[in-house]
Colleague: 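Got a structure for you, questions after.
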Amino acid sequence: MAMNTAEMELKWQERWREERVFEAEPGNGEKYFLNVPYPYINGLLHIGHTLTYSRTEFMARYKRLRGYNVLFPYAFHATGTPIVAAAGRVADGEESQMNILRSMDIPEDELSAFSDPLHWVEYFPIEAERDLNRLGVSVDWRRKFMTTSLNPAYDAFIRWQFNRLHEQGLVRKGRHPVVWCTHDNSPVGDHARIEGEGEMPQEFVLLKFEIDGEYIVAATLRPETVFGQTNLWVDPEEEYVKADVDGEVWILSKQAAQKLSEQKHEVATVGSVFGSQLLGKEAVAPMIRRPIPILPSSFCDPEKGTGIVTSVPSDAPDDWIALVDIKADEAGMDRYGLDPEMVRSVEPIAIITSEGWGDFPAGEIVERMGIKDQTERDKLLEAKHVIYRSGFYTGVMREVAGEYAGMPVEEAKDRIRDEMLEKGEAALMFELSNPVVCRCLTPSIVKVVDDQWFIAYGDHDWKARARECLAGMNLYPEVARKQFEHVLGWLRDWACTRELGLGTKLPWDDNWMVESLSDSTIYMAYYTISHIITDLPEAALTDSLFDHVFLGKSDAATVAMETGTEIDTVERMREEFLYWYPFDLRVSGKDLIQNHLSFTIFNHTAIFPQEHWPRGFGTNGWILIGGQKMSKSSGSFRTLRSAIEEWSADAIRFTLAYGGDGLDDPNFDPDLAGTIGDKFNTWLEFAQERYGKGVDDERAIDRWFRSALYSAVEDYCDHMDLMEFRAGVKRGYYDLQRDLRWYLRRCDEPNRSVISEFIKVTTQMLSVFAPHVSEEVWETIGRSGFVSVSQIPDPDPGSIDSDALDAESVLVDLMDDLREVLGLVGDTPGDIHLYTAADWKWHLADAVRDSVDDGVVKFQDVMSKVMSDPEIRKNGKVVPPLVKRLIQERASYGIGMDAENEKLSDEADFLSQEFGRKVHVWTEGQAEDPMGKAKNALPYKPAIFIGNME
RNA sequence: GCGGGGGUAGCCUAGCCUGGCCAAUGGCGCAGGGCUUAGGACCCUGUCCUUAGCGGUCCGAGGGUUCGAAUCCCUCCCCCCGCACCA
């Protein structure tokens, strides 16, 4: 009697543990080291986590079947702020946080314990390990660990890593604009905003125009247009401030001065000046070093930039139209005391050649869009975007740009900015283009942080090495490569330190903690020694130890002495590392491509020699449940443990495997999870009943069945190697179950050795996905040891008889046709008469195939070639349509006419039994043919006649 | 805007790179039949239209290349994902 599924699963989990089946030791065999990003332990594992873990698990078990010495370790991540923040909310008694804990089955009287972050760190890893074991993962738990300073050994490892980066100059102190909350006194990430998601600080270049030893400061987003500056715009009504900025006197809007004071500038207001007071004066423009006049306009906004704008009428529609306006505005010029001649002498300067535009794109678009004056703000905004796009992406700097002439705008932009910054003619200012509001309801500002530490992912040489690493890696699926390439190029310096949260302190600067993505980039190496190093005293955890173990510096004896460690221990760690590293595969959700996985590449190339760079990444989408995104609100959210309770571990694993591969979101089908368990039981019963029983004669159908089995094994391995688990399940399970049913239908009693082999190998393939029931089968059929560590026979081409497969296919196709015809003729009395194709048709088929293979594809040409055979020509006018069909079908089983005839004659009895009619096999043209059906016969497609012959 | 992935039958999915056994894989659902006291499970069959199997239409839409297109090329429409100081 079959036992309860849960009991059965627990039984095998217990046995694996007792026998230490998955504890990996360095050995002689070929190793396979795979791992998965450790989970952040602020809650129970859910089905979403489980997808990635199960894919790792499938690979681990598959590789064991193929004879690899597999290391699959696991750890827990506690670095960062969420746990600390959540604990704080518990301390405050925040109801929503309490409810989250309640939803994780935490008893009421234990809730308060979670006000201490340490309690989270103690509680959830235990629960996670329990749940994962309940899922049947083949993890070497001896190597588990926890991040942060709570684990001195890991803490030392991270400090070592940062020292290595630091000494190479790859960790630098940097200045960086961030969206900042003045209330929380911290950066406001996207997730912490109630308004303004996706907003980033926009970089304005402040241009300094010298005037009487002071500077009028204009802001621009297009520094490359400085060569086309003709004048400045100010708002005559606006009161600008004169401010002492870093020792210079700047004229700019009050708001701009305020912003600068938050962006690492020393700012003190020393006076003020109305725009009107500046009109008509001239100031020396940066870069071009030429005095240009100051003119009035209505579009200067003190909130935006500095409230003063440099005018580039050639490429800025606003400037163009404002210039047109002022030139025509006699009264205005008079009011502000401007010399009309001076104003009219201001002419645009062509600076950029871009696709589809002449000398002055701004003028062209103003005309094209029919913009009449400065008041048409919406149209002007659109015009600005159009010009900017074509200028930026297709534009090339003209002669006037001096040394930048001929350079694409895309490149010139940054170079020109940098030159002006260097010469002190410009500065930077950051601002938000749209409001951002922090979760605490405070409007955010842009702050420039300058004591922040960065990892220099923007570094050119480092990027080159990262690209080299990527080029040598296996990616599953391969389509992720483009994504990775893009990320490696796009990644900029990464702020790697935080003031708050759990973690490791920066070794040379106690004020900072290493941030959570940055302490998890090379820790896969730590797995190789984690079970050994954890026993060492803190005094032994020195950089020289890690230098030796991971980089081979110094020698074991010296290091042992320095650290007061047994030399054996040091040697053992070095051996473990050398044996296991690099890792062969790391599996993760696709969301980590743009940060964690790319960081992993970077850090490996910085710290390890090339032979220890990562070998492979597997990436996957996010789980859907019954086609829906998993969410608490839709009720589709499932913790791992509740799912196991509902469906069993094997069922979940199998369903996940069948959910789909690739970067698209795979679907967990609850219906399948609900039904698959029964199929497993059926398989168990079947194996029990049939293993080792049957006849000893080997018949044609037995050869077919063995061939079907091994061709499936071959395909299964091909798919599994590429992490195509869905295809692996289909080939290794579903297809074979179908073949099995067919086999049983085709023979009264199976062949003893073939059916036993089938049960054994199928169980091995299934064990990757459903290990528990597979162990049960393995034991039932009397195999020793565990199926989990058994080896699948190498696919042997000798066990695959392709003629047997082809002949069976002819039969199956014929039966499909017969079913169809019989369905149509209803109860017409009579026998089944089959006509195999006449001799000449086989020649014809060969001839057609040959000419097509030779590259002759024109119907005419094939015809004339074929008709040169007198035997074929004899059949005259029926040939053309046949040739047409043969060209189209190109049916190409390997067997010939004789084999087909033999197969049909052999199976006449079977057919007769299946269809309940007598079956006769004839050859076209050599038997009666009352309805003229025989002429339809083709190779591999006998003609059919139902009825009685006279 | 930048970059990436997609659109296949009732639903989900395979096939596409390397064109041809592709009316198109497998699962789920649904229907009929078998088995069964019944139900479930299991097995068989069917699940675009048509039809004594060979026909027609079909793989987001429209063109093109080819003897032949789900697959290659062009144009268009639509959907999803990432764009950072965060796990």
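In what follows, chains are A, B, ... by sequence order, proteins preceding strands, each numbered from 1. In this text, all values refer to a predicted model and were calculated from it rather than measured experimentally.
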Colleague: Between A52(B), C28(B), A87(B), which nucleotide has the shortest distance from any of its atoms to the side chain of Asp669(A)?
Modeller: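 Among A52(B), C28(B), A87(B), the one nearest the side chain of Asp669(A) is C28(B).
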Colleague: From A84(B), G53(B), G82(B), pick the nucleotide closest to the side chain of His486(A)?
Modeller: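 The nucleotide sitting nearest to the side chain is G82(B).
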Colleague: Tell me whether Ser518(A) contacts the main-chain N or O of Val514(A) through its side chain, where contact means a donor paired with an acceptor under 3.5 Å.
Modeller: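 Side chain of Ser518(A) to backbone of Val514(A): no pair is present.
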Colleague: Whether Asp813(A) and Lys941(A) form a salt bridge (side-chain N of Lys/Arg under 4.0 Å from carboxylate O of Asp/Glu) is what I want to check.
Modeller: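 The answer is no: the pair does not qualify as a salt bridge.
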Colleague: For the pair made of CG in Asp665(A) and P in G82(B), what is the distance, rounded to whole Å?
Modeller: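 Atom CG in Asp665(A) sits about 10 Å away from atom P in G82(B).
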Colleague: Mind checking if Pro37(A) touches a base, just sugar-phosphate, or nothing, with heavy atoms under 4.0 Å?
Modeller: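 The residue Pro37(A) makes no contact with any strand.
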Colleague: Over all strands shown, is Ile593(A) touching base, sugar-phosphate only, or nothing at heavy-atom distances under 4.0 angstrom?
Modeller: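 No contact.
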Colleague: Check this for me: does any side-chain nitrogen of one of Glu924(A) and Lys841(A) sit under 4.0 Å from a carboxylate oxygen of the other?
Modeller: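 Counted as a salt bridge, because a side-chain N and a carboxylate O are separated by less than 4.0 Å.
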Colleague: With Phe484(A), which of Phe599(A), Phe617(A), Phe602(A) fulfils ring pair (Phe, Tyr, Trp, His ring centres under 6.0 Å)?
Modeller: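 Between Phe484(A) and the candidates, ring pair (Phe, Tyr, Trp, His ring centres under 6.0 Å) is satisfied uniquely by Phe617(A).
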Colleague: Does a side chain donor of either Trp742(A) or Glu808(A) reach within less than 3.5 Å of an acceptor in the other side chain?
Modeller: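 Side chains of Trp742(A) and Glu808(A): pair found under 3.5 Å.
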Colleague: Expressed in whole Å, how much space separates the P atoms belonging to U13(B) and G27(B)?
Modeller: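 It works out to 16 Å between them.
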Colleague: When all nucleic acid strands are considered with a 4.0 Å heavy-atom cut-off, which category describes Leu624(A): base, sugar-phosphate, or nothing?
Modeller: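 The residue Leu624(A) makes no contact with any strand.
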Colleague: Could you tell me if Asn620(A) and Thr52(A) have a donor-acceptor pair between their side chains, going purely by distance under 3.5 Å?
Modeller: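 Yes, a side-chain donor-acceptor pair sits under 3.5 Å.
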Colleague: Compute whether any side-chain donor of one residue and acceptor of the other, for Asn603(A) and Tyr457(A), lie under 3.5 angstrom apart.
Modeller: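 Per modelled atom types, Asn603(A) and Tyr457(A) side chains form a pair under 3.5 Å.
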Colleague: Measure all distances between protein nitrogen or oxygen atoms and nitrogen or oxygen atoms of nucleotides 14-18 of chain B, and list the pairs falling under 3.5 Å.
Modeller:
none

Colleague: Of all the nucleotides listed (A84(B), G6(B), C28(B)), which has the minimum atom distance to the side chain of Val479(A)?
Modeller: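 For Val479(A), the side-chain atoms sit closest to G6(B).
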Colleague: May I ask you to say what Thr497(A) touches in the nucleic acid, namely base, sugar-phosphate or nothing, with a heavy-atom cut-off under 4.0 Å?
Modeller: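 Result for Thr497(A) = nothing.
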Colleague: Would you indicate which nucleotide in G26(B), A84(B), G53(B) comes nearest to any side-chain atom of Glu820(A)?
Modeller: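 Taking heavy atoms from C-beta onward, the closest nucleotide is G53(B).
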Colleague: Counting a pair only when it is Watson-Crick or G-U and both distances are under 3.5 Å, which runs of at least 3 such pairs involve RNA chain B?
Modeller: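 As far as RNA chain B goes, consecutive pairing (with distances under 3.5 Å) yields the stems B:1-7 with B:77-83, B:10-12 with B:26-28, B:29-34 with B:42-47, B:60-64 with B:72-76.
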Colleague: Please work out which of the three classes, parallel, tilted or perpendicular, describes the rings of Phe680(A) and Tyr733(A), given edges at 30° and 60°.
Modeller: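 Perpendicular, since the angle between the ring planes exceeds 60°.
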Colleague: Report yes if the distance between the aromatic ring centroids of Trp683(A) and Phe686(A) is under 6.0 Å, otherwise no.
Modeller: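 Here the rings of Phe686(A) and Trp683(A) have centres that are less than 6.0 Å from each other.
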Colleague: Would you indicate which nucleotide in G53(B), C86(B), G27(B) comes nearest to any side-chain atom of Ala943(A)?
Modeller: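 My answer, after comparing the listed nucleotides, is G53(B).
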Colleague: Please report the distance, rounded to the nearest Å, between OH in Tyr734(A) and C1' in C28(B).
Modeller: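 Atom OH in Tyr734(A) sits about 9 Å away from atom C1' in C28(B).
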Colleague: Nearest to the side chain of Lys482(A), which nucleotide is it out of C86(B), A52(B), G5(B)?
Modeller: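 So the side chain of Lys482(A) is nearest to G5(B).
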Colleague: Can you find a donor-acceptor pair, distance only, under 3.5 Å between Asn936(A) side chain and C54(B) base?
Modeller: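 When only heavy-atom distances are counted, Asn936(A) does reach the base of C54(B) through a donor-acceptor pair under 3.5 Å.
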Colleague: Using side chain to side chain donor-acceptor pair (under 3.5 Å) as the criterion, point out the one residue from Arg726(A), Glu724(A), Lys730(A) that pairs with His719(A).
Modeller: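 Passing option: Glu724(A).
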Colleague: Quick one: is Thr81(A) getting a side-chain N or O under 4.0 Å of the A87(B) phosphate, OP1 or OP2?
Modeller: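 Checking Thr81(A) against A87(B): at least one side-chain N or O falls below 4.0 Å of OP1 or OP2.
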Colleague: If you look at every strand shown and take non-hydrogen atoms under 4.0 Å, does Val821(A) touch a base, only sugar-phosphate, or nothing?
Modeller: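 Answer is base: heavy atoms of Val821(A) come under 4.0 Å of a base.
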Colleague: Any idea which of A87(B), G82(B), G27(B) is nearest the Trp622(A) side chain?
Modeller: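 Taking heavy atoms from C-beta onward, the closest nucleotide is G82(B).
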Colleague: If you look at every strand shown and take non-hydrogen atoms under 4.0 Å, does Tyr658(A) touch a base, only sugar-phosphate, or nothing?
Modeller: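 Contact class for Tyr658(A): base.
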Colleague: Between the protein and nucleotides 42-46 of chain B, list every N/O to N/O distance that falls short of 3.5 Å.
Modeller:
from   : atom 1 : to        : atom 2 : distance (Å)
C43(B) : OP1    : Arg741(A) : NH1    : 3.2
C44(B) : OP1    : Arg741(A) : NE     : 2.8
C44(B) : OP2    : Arg741(A) : NE     : 3.1
C44(B) : O3'    : Arg745(A) : NH1    : 3.3

Colleague: To the side chain of Leu517(A), which of G26(B), C12(B), C86(B) is closest?
Modeller: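 Side chain of Leu517(A) sits closest to C86(B).
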Colleague: Sticking with atom P, work out how far G63(B) lies from U57(B), rounded to a whole angstrom.
Modeller: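 Pairwise P distance, G63(B) against U57(B), rounds to 14 Å.
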Colleague: Please measure how far the P atom in A23(B) lies from the corresponding atom in G4(B), and state the result in whole Å.
Modeller: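 Per the computed distance, 35 Å lies between those P atoms.
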Colleague: Applying a 4.0 Å non-hydrogen cut-off, can you work out what Asn595(A) is touching in the nucleic acid: base, sugar-phosphate, or nothing?
Modeller: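 Base: the residue Asn595(A), judged by heavy atoms under 4.0 Å, touches a nucleobase.
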Colleague: Applying a 4.0 Å non-hydrogen cut-off, can you work out what Gln594(A) is touching in the nucleic acid: base, sugar-phosphate, or nothing?
Modeller: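 Sugar-phosphate contact only.
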Colleague: Is the ring pair Tyr658(A)/Phe654(A) parallel, tilted or perpendicular, if the boundaries are 30 and 60 degrees?
Modeller: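 The arrangement is parallel - the two ring planes meet at less than 30°.
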Colleague: Please state the C1' separation for the pair C54(B) and C21(B) - nearest whole angstrom.
Modeller: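 The answer is 15 Å between these two C1' atoms.
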Colleague: Rounding to the closest angstrom, what is the interatomic distance between U8(B) and A14(B) at atom P?
Modeller: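 It comes out at 11 Å once rounded to the nearest Å.
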Colleague: Are a donor atom and an acceptor atom from the side chains of Thr148(A) and Thr79(A) found within less than 3.5 Å of each other?
Modeller: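 No, because no side-chain N or O of Thr148(A) sits under 3.5 Å from a partner of the opposite role on Thr79(A).
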Colleague: Which nucleotide in the list C12(B), A87(B), G26(B) gets nearest to the side chain of Tyr40(A)?
Modeller: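 Within the option list, the nearest is A87(B).
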Colleague: Among the nucleotides C28(B), A87(B), G82(B), which one has an atom lying closest to any side-chain atom of Ser516(A)?
Modeller: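 Side chain of Ser516(A) sits closest to A87(B).
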Colleague: Among side-chain atoms of Arg586(A) and His596(A), is any donor-acceptor pair under 3.5 angstrom?
Modeller: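 His596(A) and Arg586(A) do have a side-chain donor-acceptor pair below 3.5 Å.
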Colleague: May I have the distance from Leu592(A) (atom CG) to C81(B) (atom P), rounded to whole angstrom?
Modeller: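 My rounded result for the distance is 17 Å.
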Colleague: Could you give the distance separating U66(B) and U47(B) at their P atoms, to the nearest angstrom?
Modeller: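 Each nucleotide's P atom is 36 Å from the other's.
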